[in-house]
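Counting starts at 1 for both ligands and their atoms, following the listed order. In this chain, residues are counted from 1 in sequence order.
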Amino acid sequence: MKILVINGPNLNMLGIREPNIYGKETYGDLVAFIEKTAKDLGVEAEVYQSNYEGDIVTKIQEAYGEKDGIVINPAAYTHTSVAILDALKSVAIPTVEVHLSDVTKREDFRQISFVRSACEKTYMGLGFEGYKKAMEYLVKR
Ligand code: DQA
């Protein structure tokens, strides 16, 4: 099984950005966590991060016919991007939405997720563990 893990803008700044919200672990720590989880589950995981909406759209399109599942933390694009929603709907690959923080307890502008209707599940507020739960869900599905 091949899983694509996509992280959106500013997630490369983990460890530096708002550690009170996102924790002190770095983006490198997150990649290592996802790679270990993939190894434990016996799946292949490609981990991708971009600060650019169009690059994320292209990455999703390239997953068509190649990947069996997508885990996506679109970061700020969660709350703005019809383009990422349309890309996920286009490829129709089973997808899980993840957020490190619990966005339901944050600002009003974070209460809308454009991508959610293209996702089978959402895990939020669990930190790195949310990525593990998302990958386990895709494996069991
Ligand atoms: C986030 C939540 C978003 O609202 C925010 O813009 C992010 C990260 C999270 O993982 O908690 O960049 O997706």
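Per-residue contacts place H79 under 4.0 angstrom from the following atoms of ligand 1 (heavy atoms of the residue considered): 3 (C), 4 (O). Residue contact check: R110 has heavy atoms under 4.0 Å from atoms 3 (C), 4 (O), 5 (C), 6 (O) of ligand 1.
When non-hydrogen atoms are compared, ligand 1 lies under 4.0 Å from the side chain of N73 (C-beta onward) but not from its backbone. At a 4.0 Å heavy-atom cut-off, ligand 1 touches V103 through the side chain alone. Contacts of R17 with ligand 1, taken as heavy-atom pairs under 4.0 Å, involve the side chain alone.
Cluster annotation: M1 is not connected to L4 through the hydrophobic network of ILVMFWY side chains, with a link wherever side-chain heavy atoms come within less than 4.5 Å.
Taking distance alone, with nitrogen or oxygen atoms compared against 3.5 Å, A76 approaches ligand 1 more closely than that limit. Taking only nitrogen or oxygen atoms, main chain and side chain alike, H99 reaches within less than 3.5 Å of ligand 1.
Protein heavy atom nearest atom 11 (O) of ligand 1, with residue, atom name and distance: S101 OG, 2.6 Å. With respect to atom 9 (C) of ligand 1, the closest heavy atom belonging to the protein is L100 N, 3.4 Å.
The environment of D108 atom CG is sparse: at most 12 non-hydrogen atoms of other residues, nucleotides or ligands sit within 6.0 angstrom.
Residue Y22 places a heavy atom under 4.0 Å from ligand 1. Taking 4.0 Å as the cut-off, M124 does not count as a neighbour of ligand 1 on heavy-atom distance.
Shown here for T80 and F114, the closest heavy-atom pair between the two residues is N-CD1, 3.6 Å.
Rounded to the nearest 0.5 angstrom, Y77 OH and N10 CG are separated by 9.0 Å. Going from atom NZ of K59 over to atom CD1 of I72 covers 12.0 Å, rounded to the nearest 0.5 Å.
Using a 4.0 Å cut-off between a side-chain N of Lys or Arg and a carboxylate O of Asp or Glu, K89 and D86 do not qualify as a salt bridge. Ion pair R110/E107 flagged as a salt bridge, since at least one NZ, NE, NH1 or NH2 atom sits closer than 4.0 Å to an Asp/Glu carboxylate oxygen. Residues R106 and D102 are not paired through a salt bridge, judged by the lack of any N-O separation under 4.0 Å between the basic side chain and the carboxylate.
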